[in-house]
Amino acid sequence: MLEANDPKLTSWLPIPQDSDFPIQNLPFGIFKTRYLSPVAGVALGNTVIDLVYLHEHGFLDGLNLPAGVFNQPQLNNFFGLGRPAIRAVRNRISQLMRSGNDEMDAASREIALVPMAETRMMLPVSVPDYTDFYSSIEHATNVGTMFRDPQNALLPNWKHLPVGYHGRASSIVVSGTALHRPKGQIKPPDNPVPVYCPTQKLDFELEVAFVSCKNSELGKPVALRDAEECIAGLVLFNDWSARDIQQWEYVPLGPFLGKNFGSTMSPWVITLDALEPFRVAGPEQVPHVLPYLAFEGARNFDIRLEVLLETPGGANNEISRSNFKYLYWNMAQQLAHHTVNGCNIRVGDVFASGTISGPSPGSYGSLLELTWNGQRPLHLSNGELRTFLQDGDTIKFKGWAEAAGVRIGFGPCEGKVLPAL
Ligand code: MN
């Protein structure tokens with residue numbers, strides 16, 4: 001066990017019992033305040049620890065960090081140092097903040113510790129490229145059943161490779177950013193030609209994404225055994241989708257404008273190290289995969305996920321409960337497959353899982369599935385019905401792993417739907 005993950009560790013800083021950010025978590029993000037331009041920080045309880053202050057005042061001495069590595073509006077340069085450096089900084093913060101440690105005097109604590117309520121979180125990385133996979137067998141089966149043939153819901157390639165597509169990095173936004181309802185070409189079933197109008201089928205997709213901490217060489221695949229060394233950590237990810245635009249445009253090249261109008265990312269990057277205690281085996285893969293996708297050990301992570309829908313009419317309902325562990329294809333396989341042709345990855349690249357649906361209807365990760373393409377509306381607590389999202393609706397994701405009284409949470413991932421422009 002990594003020392004920083006020890007469930008017995010406590011901090012001298014008071015941390016609320018139900019916090020997403022106990023001393024065993026220590027995720028990295030970019031924050032700003034009224035007085036401070038965006039810089040790197042670590043979350044602990046209701047506090048953001050200013051890494052620039054710690055670095056400039058000698059608290060991170062001995063870690064061989066480049067000058068100014070935290071004094072930047074994104075974590076790319078820090079993550080680019082690789083997992084050993086990320087681990088060393090997390091270990092050092094764990095030590096500094098641990099009960100009994102008095103290295104930081106009152107003045108240092110006053111300056112380095114910023115109340116979270118006084119901060120605004122930014123996108124943690126500048127994202128060079130974004131890829132979205134399709135790795136939940138339950139989700140792929142539901143979609144195949146709905147739009148194709150229930151007897152052959154999965155296409156022939158699905159169990160042989162992690163299906164994915166290249167998404168759009170420019171429209172990834174941080175949690176809390178509202179999005180306008182997109183407009184586009186829609187082909188009404190009873191119309192011979194398409195119309196241009198706001199989407200009538202705005203949806204969310206419950207996903208978890210990993211952030212790369214590696215620049216790989218063009219032409220050189222990342223072997224599966226090296227893949228996790230390329231992962232700085234995980235975030236929650238909402239791949240907002242306009243189902244009617246998607247349905248008309250996707251043949252034959254796949255998702256395009258039905259997806260690229262916006263994706264919401266949670267601001268704190270939860271390190272793979274912090275999630276290490278939550279490794280679990282994934283679903284059995286039959287038929288056997290090709291050797292480059294073969295793996296050993298537990299490669300999935302037990303991360304509980306929840307979706308809440310808040311409406312202007314006053315409903316605030318949990319509408320889905322899923323788990324990252326359900327994914328058929330794991331992150332190491334996704335990365336090995338992504339690069340097997342020599343495609344290179346860059347620091348800050350985002351690789352999203354695809355919609356994470358579980359086996360039961362209450363665990364489906366999209367409204368498309370929860371309402372079965374609008375056929376079975378959701379009944380909300382205040383009497384409202386929903387098939388797809390309406391203007392003013394807010395979608396909130398929660399994610400956390402929990403064991404031995406330690407909760408490794410992700411913080412908020414939410415976005416509100418504004419009317420079409
Ligand atoms: Mn997706």
Side-chain angles (χ1 to χ4, degrees), residues 127 129-148 153-155 157-158 161-173 175 177 179 182 184 199 201-212 234-251 253-266 303 305-307 319-320 322-324 326-331 333-335 337-338 349-358 363-371 373 388-389 395-397 399 410 413-415 417:
V127 183
D129 273 306
Y130 150 50
T131 294
D132 196 29
F133 286 96
Y134 192 57
S135 289
S136 154
I137 194 166
E138 290 85 359
H139 173 68
T141 303
N142 287 337
V143 173
T145 301
M146 235 178 282
F147 294 114
R148 284 187 304 272
L154 292 180
L155 289 167
N157 61 1
W158 202 91
L161 56 85
V163 169
Y165 69 94
H166 288 123
R168 183 82 190 163
S170 67
S171 53
I172 296 179
V173 296
S175 172
T177 310
L179 285 170
T199 176
K201 290 191 171 182
L202 184 58
D203 199 356
F204 66 86
E205 289 192 341
L206 173 63
E207 307 197 12
V208 169
F210 64 88
V211 177
S212 159
L234 274 55
V235 293
L236 301 177
F237 197 83
N238 184 349
D239 176 26
W240 301 92
S241 300
R243 300 301 178 192
D244 39 12
I245 298 173
Q246 184 182 355
Q247 198 179 352
W248 170 237
E249 76 177 358
Y250 86 102
V251 183
L253 287 186
F256 190 32
L257 306 188
K259 298 279 192 178
N260 68 9
F261 59 91
S263 314
T264 302
M265 188 166 150
S266 58
I303 300 169
L305 302 166
E306 263 180 31
V307 182
I319 57 172
S320 178
S322 189
N323 195 308
F324 188 50
Y326 294 140
L327 287 188
Y328 187 88
W329 296 102
N330 59 57
M331 295 182 284
Q333 290 180 308
Q334 290 169 343
L335 200 49
H337 181 67
H338 200 306
D349 279 353
V350 166
F351 301 87
S353 57
T355 307
I356 305 167
S357 292
S363 64
Y364 294 166
S366 66
L367 284 171
L368 177 72
E369 296 162 271
L370 289 166
T371 72
N373 197 17
F388 291 94
L389 296 171
I395 286 290
K396 302 178 181 182
F397 293 169
F410 280 69
C413 180
E414 57 183 73
V417 179

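Atoms within a ligand are numbered from 1 in the order they appear, just like the ligands themselves. Not measured: the values here are computed from a predicted model. The first residue of the sequence shown is numbered 1, and numbering continues consecutively from there. Quick note: numbers below take in every heavy atom, side chains included, and nothing from hydrogens, waters or symmetry partners.
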>> Please verify the inter-ring angle class for Tyr328 with Trp158; under 30° counts as parallel, over 60° as perpendicular, anything in between as tilted.
In response: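 Ring orientation of Tyr328 relative to Trp158: tilted.
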> Between Phe397 and Phe204, how do the two ring planes meet: parallel, tilted or perpendicular, split at 30° and 60°?
Replying inline: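 The rings of Phe397 and Phe204 stand perpendicular, inter-plane angle above 60°.
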> Considering all heavy atoms of both residues, which atom of Met146 and which atom of Leu368 are nearest to each other, and what is their separation?
Replying inline: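 Heavy-atom minimum between the residues: CE-O, 3.6 Å.
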>> For a quick test of reading the model, state the closest non-hydrogen atom pair linking Ser320 to Ser363 and the distance between them.
In response: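 Scanning both residues completely, I find the closest heavy atoms to be OG-C, 3.5 Å.
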>> Do Ser241 and Asp203 pair up side chain to side chain, a donor and an acceptor below 3.5 Å, judged on atom types alone?
In response: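 Asp203 and Ser241 do not have a side-chain donor-acceptor pair below 3.5 Å.
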> For the ring pair Tyr165 and Tyr250, is the centre-to-centre distance below 6.0 Å?
Replying inline: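 No - the distance between ring centres of Tyr165 and Tyr250 does not fall below the 6.0 Å cut-off.
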>> Just to be sure I understand the site: which N, O or S atoms from the protein are less than 2.8 Å away from the Mn ion (ligand 1)?
In response: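 The answer, once waters are left aside, is Asp132 OD2, Glu205 OE1, Glu207 OE2, Asp239 OD2.
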